Amino acid sequence: MSHAASSSEPDNLRRLARIAAALPEADRVDVPGWDGEPTFRVRGKVFLFASPSGTSIYVKLPHPEAEALVAGDDAVTPMRYGLGRHGWIQARLPTDADAERWQEIAEWIRTSYTLVAPKKLARLLDQAPGSTPPG
């Protein structure tokens, strides 16, 4: 079921939803079979998984970037179920994360989107004012 962020949700999840909602044709789908876990999709393809609390996220990154993060950031691990070998990472996101970490999270979400979205939509991010190419 599609879902809009509500004021009763944890702050982290609301922030993640705002970041994802700014991307072309992004849609939130909460998965009942996963205890309502929020996913963010573009044309049906997931580019961001989040825990219901917003304290864990899962995104897809280019392999070299994913490997570097796993090696150098204690809050980042490869995603389970074999998805880690495809560049998917899990990152813990504390409720008191600072602005720098949120900027990093936003960049990871944009990068994941560009890797999953149809090329036509991904190119729209490169054309947006003030945007920088991901990766």
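Given the structure is predicted, the values throughout are model-derived calculations rather than measurements.
The nearest pair of heavy atoms linking Trp88 to Val46 is CH2-O, 3.5 Å. Of all the heavy atoms in Ala20 and Ala26, the pair that sits closest is O-CB, 3.1 Å. In terms of heavy atoms, Asp30 sits closest to Pro38 at OD1-CA, 3.3 Å. For the pair Gly44 and Arg41, the tightest heavy-atom approach, listed with the atom from each and the gap, is O-NH1, 4.0 Å. Shown here for Leu13 and Ser51, the closest heavy-atom pair between the two residues is CD1-O, 4.0 Å. In terms of heavy atoms, Lys60 sits closest to Ser112 at N-OG, 2.9 Å.
Counting heavy atoms from C-beta outward, Leu48 and Ile57 have side chains that approach closer than 4.5 Å. Contact of the Ser53 side chain with the Asn12 side chain is not registered, since no non-hydrogen atoms from C-beta on lie closer than 4.5 Å. The shortest distance between side-chain heavy atoms of Ile89 and Val70 falls below 4.5 Å. In this structure, the side chains of Glu104 and Glu100 stay at 4.5 Å or more apart for every pair of heavy atoms. Put simply, the side chain of Arg110 does not reach to within 4.5 Å of the side chain of Glu107, judged on heavy atoms. In this structure the side chain of Leu23 never reaches within 4.5 angstrom of the side chain of Phe40, judged on heavy atoms. With a 4.5 Å cut-off on side-chain heavy atoms, Val59 and Ile105 do not count as touching. At a threshold of 4.5 Å between non-hydrogen side-chain atoms, the residues Thr95 and Pro10 do not count as touching.
Between Phe47 and Tyr113, the two ring planes are perpendicular [angle over 60°; tilted spans 30° to 60°].
The CG atom of Leu61 sits 9.0 Å away from atom OG1 of Thr114, with the distance rounded to the nearest 0.5 Å. From Glu9, atom CD reaches atom CG of Leu16 across 10.0 Å, with rounding to the nearest 0.5 Å. Leu125 contributes atom CG, which lies 11.5 Å from atom CZ of Arg123 (distance to the nearest 0.5 angstrom).
Arg101 and Asp98 are not joined by a salt bridge, as no carboxylate oxygen comes within less than 4.0 angstrom of a charged side-chain nitrogen.
Although no hydrogens or angles enter the test, the distance criterion places no donor-acceptor pair under 3.5 Å between the side chain of Arg28 and the main chain of Ala21. The closest donor-acceptor contact from the side chain of Arg43 to the backbone of Ala117 lies at 3.5 Å or more, if one exists at all.
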TODO: For side-chain contact (heavy atoms from CB on, under 4.5 Å), just list the numbers for Phe49 and Val31, CA-CA rounded to whole Å, side-chain angles, deciding distance to a tenth of an Å, and then say yes or no.
DONE: CA-CA 10 Å; Phe49 295 90; Val31 182; over 6 Å; no

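Each of Val42 and Leu115 belongs to its own hydrophobic cluster when Ile, Leu, Val, Met, Phe, Trp and Tyr are linked at side-chain heavy-atom distances under 4.5 angstrom.
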